[in-house]
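Throughout, protein chains are lettered first and strands after them, A, B, ... in sequence-line order, and every chain is numbered starting at 1.
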There are 2 protein chains.
Amino acid sequence: MAVKRSGPDAGLGEFIRRQRELGHLSVRQLADACGISNAYLSQIERGYRNPSSFVLKALADGLELSADTLYAQAGILDPSDGEAGDVAEAVRRDPYLSARQREILIEMYESFRKVNDSD
Amino acid sequence: MAVKRSGPDAGLGEFIRRQRELGHLSVRQLADACGISNAYLSQIERGYRNPSSFVLKALADGLELSADTLYAQAGILDPSDGEAGDVAEAVRRDPYLSARQREILIEMYESFRKVNDSD
DNA sequence: CGTGGGTGCTTGCAAAAGTTAACACTCCTT
DNA sequence: AAGGAGTGTTAACTTTTGCAAGCACCCACG
């Protein structure tokens, strides 16, 4: 599946460590806040382990940044996913729409915005 | 340890299954698109497995939605996340749309919802 | 019929995730 | 100097992920 597997090679880990240090947190403090063991966090930071989705989310919360930011660092999120107003966001989060329907609604919304700009 | 543990309890899995069905994809089709095995996807959808962050990201891509959307559904539900389905609300609050445009978007949104019900 | 392909599901098993209990080191305090 | 408490790291272990290979079922087509 092409995705980078473990090994001392972790951009994500380095980023987490830097964020942790910026927040003046010890390995144990952040690990506790995330509900994981300090040993495990240490290994994640040095690229010897890949966190599960739940742990990644917990880390994002503990570091007070969005999961998307961590994903971006993990190299698994297109930075282009960024922007989007509240409407587009609400559409993306709606669990009852198909991908195609979301696409249509967002496109229509953005075309409305565009038209209004030139007023 | 705070992080939610497995069990047939899967909000996330149900959501993934629903999205897959809305896209008219078979288990094998989505699994292939995500680079994971069909057996594994089946188990994820029924709540017997928790995907790693990499697999979760692949699923988000395969379903054409953002990783955060999956996270929101993943049951790490901050109630503060403002109850997803408020597309209509977001549209009504948007200051950059005309009354007519709001009407159109909401109507289209609701018709999508209606169509999906009868799947 | 019958067989080939479609669907989702079960079953081992190797390989990772994740834990507990240690380690070595530093900095304070006594 | 001897202890305590802080730091990050390692080692041995258990639990979970994720896959290959197969099951049972349904539907179309010769």
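Place B:Q43 and B:R20 on DNA chain C by their nearest nucleotides, and B:R20 ends up nearer the 5' end.
Taking only side-chain nitrogens and oxygens, B:S52 never comes nearer than 4.0 Å to OP1 or OP2 of D:dT17. The side chain of A:N50 places an N or O atom within less than 4.0 Å of a non-bridging phosphate oxygen (OP1 or OP2) of C:dA17. A sub-4.0 Å separation between OP1 or OP2 of C:dC9 and a side-chain N or O of B:S42 is present. A sub-4.0 Å separation between OP1 or OP2 of C:dT7 and a side-chain N or O of B:S26 is present.
A salt bridge does not link B:E21 with B:R18: none of the charged nitrogens is closer than 4.0 Å to a carboxylate oxygen. Ion pairing of A:R46 with A:E14 is absent here, as no side-chain N (NZ or NE/NH1/NH2) approaches a carboxylate O to less than 4.0 Å. No salt bridge links B:D32 with B:R28; every basic N to acidic carboxylate O contact stays at or beyond 4.0 Å.
Counting to the nearest Å, the P atom of C:dC9 and the CG atom of B:N38 are 10 Å from each other. If you measure from atom CZ of B:R49 to atom P of C:dG8, you get 18 Å, rounded to the nearest angstrom.
Between the side chain of B:R28 and the base of C:dG8, at least one donor-acceptor pair of N or O atoms lies under 3.5 Å.
Inter-residue side-chain proximity for A:R92 and A:I106 is flagged as met; some heavy-atom pair is nearer than 4.5 Å.
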